[in-house]
Protein chains: 2
Amino acid sequence: MSISSRFAVAIHILALLDINKEGRNTSEFIAGSVNTNPVVIRRVIGLLGKAGLVHTSPGVGGASLARLPREINLLEVYRAVQNDPPGELFAAHDKPNPKCLVGRNIQETLDTVFKRAESAMENELAKVTLDQIVFDLVRGDQ
Amino acid sequence: MSISSRFAVAIHILALLDINKEGRNTSEFIAGSVNTNPVVIRRVIGLLGKAGLVHTSPGVGGASLARLPREINLLEVYRAVQNDPPGELFAAHDKPNPKCLVGRNIQETLDTVFKRAESAMENELAKVTLDQIVFDLVRGDQ
DNA sequence: ATCACCTGTAACCATTGTAGTTACAATTGT
DNA sequence: ACAATTGTAACTACAATGGTTACAGGTGAT
């Protein structure tokens, strides 16, 4: 299965918070841009908040970036909204037969390969910062 | 969510087919090594067969590699058992609001980044061949 | 020809993650 | 007090997954 759209939504939210930094950015406003339910937005913002990427104003309403866009990279965002812990992008089959040469060693062999592939992906995400996303977004609009 | 354990199972099967190339390798035998149900094995072998990686002997029983282990890389295996089409590792949120600068352009921006990250992962898989897996497996057993 | 064995596949089930929705307590400015 | 908003719980519908049973069809041995 593919990686949850929460990741895409999170990036959307963060980009919007930067571009519309004058505005109030309530969950309802953001939901209008993402085209989903405000609760979905609040859930994602909750995760981003726990990760220290955004601040919210309960009662008042609205959210804002907790850091400069260039100090937020996509790997941080990915980790913030990802349920699975790092190192588990690829699922292993459990309890292969220890009486079999393959069953006895496959886990460790796969673990090495899988971690390498996962890291390669994450490194690409780490290279991209929010300000690059915003730049690309604005540029693409012309 | 993580990538289906079908991938791990598929690699397990292929490694076993190579190491136990003298044996008959029925789905039941393989299931014993993987520790799952024979039908699950047959399903995965079916996918590997369609991808041209293995041959089976209906009636007779057993499966075997259709190519030399060094001519099978993990990206091929990955594609063989993966349900999602290439380029969709990361899910996009659908129908963002075209009236919003962000909503109007986020899809394309994300697509570029997501594809880059996905390719980085796949490139790592493509580097690893089945004979390397088998070598590592056997080496780890000592 | 019969028989035992195996594959391929359909059908069904339980479990899990996801995303949308309603509802509401708690918070805050007016 | 009041209106607006966040944070969260609860519920729903849906899809993918992995396990299971069942069975039609192929194949070699006797």
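These values consider heavy atoms only, across backbone and side chains, with no hydrogens, waters or symmetry-generated copies. Proteins come first, then strands; the chains are lettered A, B, ... in the order of their sequence lines, and each starts at number 1.
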**Prompt:** A/Ser27 side chain N/O closer than 4.0 Å to the phosphate oxygens (OP1, OP2) of D/dT6?
**Reply:** yes
**Message:** Using side-chain heavy atoms (C-beta onward) and a distance below 4.5 Å, is A/Leu65 in contact with A/Leu130?
**Reply:** yes
**Under 3.5 Å side-chain donor-acceptor pair for A/Ser119 and A/Glu122** = no
**B/Ile45 and B/Ile30, any side-chain heavy atoms less than 4.5 Å apart** = yes
**Prompt:** Which residue pairs pass the ring pair (Phe, Tyr, Trp, His ring centres under 6.0 Å) test when at least one of the two sits in residues 91-133 of chain A, sequence neighbours left out?
**Reply:** A/Phe90-A/Phe114, A/His93-B/His12, A/Phe114-B/Phe7
**Asked** Please give, in whole Å, the distance from D/dT5 C1' to A/Ile45 CD1?
**Response** 12 Å
**Asked** Whole-Å distance between C/dC5 C1' and B/Asn25 CG?
**Response** 16 Å
**Length of the line joining A/Lys50:NZ and D/dT6:C1', which is rounded to integer Å** = 14 Å
**Prompt:** Same hydrophobic cluster for B/Val9 and B/Met1, using side-chain heavy-atom links shorter than 4.5 Å among ILVMFWY?
**Reply:** no
**Prompt:** If each of A/Asn37 and B/Arg42 is mapped to the nucleotide of DNA chain C with the nearest heavy atom, which maps nearer the 5' terminus, i.e. the 5' end?
**Reply:** B/Arg42
**Item:** Check: B/Pro69 and B/Asp18 side chains under 4.5 Å, non-hydrogen atoms
**Value:** yes
**Asked** Side chains of B/Arg24 and B/Phe29: does their closest heavy-atom pair fall under 4.5 Å?
**Response** no
**Fill in**
The residue, B/Arg24 or A/Val39, whose nearest nucleotide of DNA chain C is more 5′ is B/Arg24
**Asked** In residues 51-68 of chain B, what residues come within less than 4.0 Å of DNA chain D, judged by heavy atoms?
**Response** B/Pro58, B/Gly59, B/Val60
**Asked** Are any of the side-chain heavy atoms of B/Arg116 and B/Val113 separated by less than 4.5 Å?
**Response** yes
**Prompt:** How long is the line joining CD of B/Glu28 and P of C/dG8, in whole Å?
**Reply:** 15 Å
**Request:** At under 4.0 Å between heavy atoms, which parts of nucleotides 13-19 of chain C does protein reach? Answer with one letter per nucleotide, 5' to 3': B base, S sugar-phosphate only, - none.
**Result:** ----SSS
**Request:** Report the distance from atom CD1 of B/Ile30 to atom P of C/dG8, rounded to the nearest whole Å.
**Result:** 11 Å
**Asked** Whole-Å distance between C/dT7 P and B/Leu47 CG?
**Response** 16 Å
**Asked** Between A/Lys127 and A/Glu124, does at least one N-O distance fall below 4.0 Å, as a salt bridge requires?
**Response** yes
